[in-house]
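Shown next, in structure tokens, is the structure this report addresses.
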2 protein chains.
Amino acid sequence: MKEVETGIDITLEVVCGKWKGLILWKLLHEEAVRFNELRRSIDGDISSRILSRELHKLIEDGLIERIDYETMPPKVEYQITPYGQTTASFLEIMKKSEMADIINEEEVEQKV
Amino acid sequence: MKEVETGIDITLEVVCGKWKGLILWKLLHEEAVRFNELRRSIDGDISSRILSRELHKLIEDGLIERIDYETMPPKVEYQITPYGQTTASFLEIMKKSEMADIINEEEVEQKV
DNA sequence: CGGCATCCCGTCCGATACTG
DNA sequence: CAGTATCGGACGGGATGCCG
């Protein structure tokens with residue numbers, strides 16, 4: 001594939017974007033979550049269209065699983081896969097990272 | 001800001017994209033690197049235009065630093081900042097993650 | 001409830017060419 | 001050597017509305 005295959009690029013590719021990290025974070029801590037429950041829990045600002053698309057991508061990459069109860073009204077749950085759990089380690093660190101706080105100050109440690 | 005501020009989203013925002021992880025990885029392990037040296041080391045497939053832009057973004061976010069020797073011909077070096085080093089922890093994990101290998105097999109552990 | 005259809009915009013990524 | 005200029009395509013993200 002690439003000459004300098006670090007693994008970073010691939011991992012980043014899978015998790016990247018504005019929402020996937022947050023979705024995974026929720027599913028990593030909640031067992032099984034329904035669509036709208038997930039939608040609201042994330043921050044209420046993700047549209048169903050976007051959430052739907054991101055979920056599909058995560059499913060395609062094997063990080064999460066879709067469970068359709070085929071009832072009426074519909075009930076669908078999403079769940080992290082064992083594979084998806086491998087993201088827990090670095091998402092955890094990202095969360096703990098002081099990066100967030102620093103960025104929020106909009107003025108990063110400058111040595112100018 | 002957001003209701004569910006996990007820190008993940010912010011961190012992801014800063015590191016996201018096709019190249020920034022790789023750039024950081026190189027700079028985390030190399031002290032100071034010159035533009036074309038960096039360009040070649042990454043995999044030779046990043047155009048100077050893209051590399052330039054990604055570097056600018058990383059500088060803006062305070063992750064790396066630009067050192068211009070103001071010589072002729074030009075010599076410029078890029079260096080990770082202490083702040084940028086906070087990415088080392090999860091980039092390290094991403095690299096180690098089996099995710100890369102699994103994805104490469106194109107067929108992820110399916111329980112269908 | 002759990003989506004998909006449409007349309008739209010801004011950003012990402014890239015090829016090519018050129019410059020001080 | 002270290003970039004910038006220009007152009008273009010693909011993708012991400014979102015608003016709105018509709019459907020079984």
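Letters go in sequence order (proteins before strands), and every chain restarts at 1.
Taking side-chain N and O atoms only, A:K18 has a distance below 4.0 Å to OP1 or OP2 of D:dG14. The shortest distance between the side-chain N/O atoms of B:W19 and the OP1/OP2 oxygens of C:dG14 is below 4.0 Å. For the pair B:R34 and D:dA2, the criterion of a side-chain N or O lying under 4.0 Å from OP1 or OP2 is met. In this model, the phosphate group of D:dC1 is not approached by any side-chain N or O of B:Y78 to a distance below 4.0 Å at OP1 or OP2.
Residues B:C16 and A:G17 approach most closely at SG-N, 3.1 Å, considering heavy atoms. Of all heavy-atom pairs between A:L24 and A:V15, the closest is CD1-CG2, 4.3 Å. Of all heavy-atom pairs spanning B:G21 and A:L12, the tightest one is CA-CD2, 3.8 Å. Residues A:I46 and A:R39 approach most closely at O-NH1, 2.7 Å, considering heavy atoms.
Across all strands, A:K57 comes closer than 4.0 Å only to sugar-phosphate atoms, never to a base (heavy-atom distances). Using a 4.0 Å heavy-atom distance criterion, B:E77 is classed as making no nucleic acid contact. Counting any heavy atom pair closer than 4.0 Å across all strands shown, A:Y69 reaches no nucleic acid atom. Within the nucleic acid shown, A:E70 has no heavy atom closer than 4.0 Å to any nucleic acid atom. Within 4.0 Å of A:S52, counting heavy atoms only, lie sugar-phosphate atoms of the nucleic acid but no base atom.
Whole-Å rounding puts the B:I46 CD1 to C:dT16 P distance at 16 Å. In this structure, the CD atom of B:E60 is 12 Å from the P atom of C:dT11, given to the nearest Å. When rounded to the nearest whole Å, the span between CD of A:E54 and C1' of D:dG14 equals 12 Å. Per the geometry, CZ belonging to B:R66 stands 12 Å off C1' belonging to D:dT4, to the nearest Å. We find that CG of A:D68 is positioned 11 Å from P of C:dC4, with the value rounded to whole Å. Counting to the nearest Å, the C1' atom of C:dG3 and the CG atom of A:L51 are 10 Å from each other. Across the protein-nucleic acid pair, A:N36 atom CG and C:dG3 atom P stand 9 Å apart, rounded to whole Å. Look at CZ on A:R49: it is 10 Å from P on C:dC4, rounded to the nearest Å.
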Does the pair B:L55 and B:F35 meet the rule for a side chain to side chain contact (heavy atoms under 4.5 Å, CB included), with working shown?
CA-CA 9 Å; B:L55 288 172; B:F35 187 85; 3.8 Å; yes
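Closest to the side chain of B:M72, out of D:dG17, C:dC1, C:dG20, is C:dG20. Comparing C:dC13, D:dA2, C:dG14 by their nearest atom to the side chain of B:F35 picks out D:dA2. Which of D:dA2, C:dC4, C:dG2 sits closest to the side chain of A:H56 comes down to C:dC4.
Between the side chain of B:S47 and the base of C:dC13, no donor-acceptor pair under 3.5 Å is found. Remark: the A:R53 side chain and the D:dG13 base include a donor-acceptor N/O pair separated by less than 3.5 Å.
Place A:P73 and A:I50 on DNA chain D by their nearest nucleotides, and A:I50 ends up nearer the 5' end.
Between the side chain of A:K20 and the backbone N or O of A:E54, no donor-acceptor pair lies under 3.5 Å.
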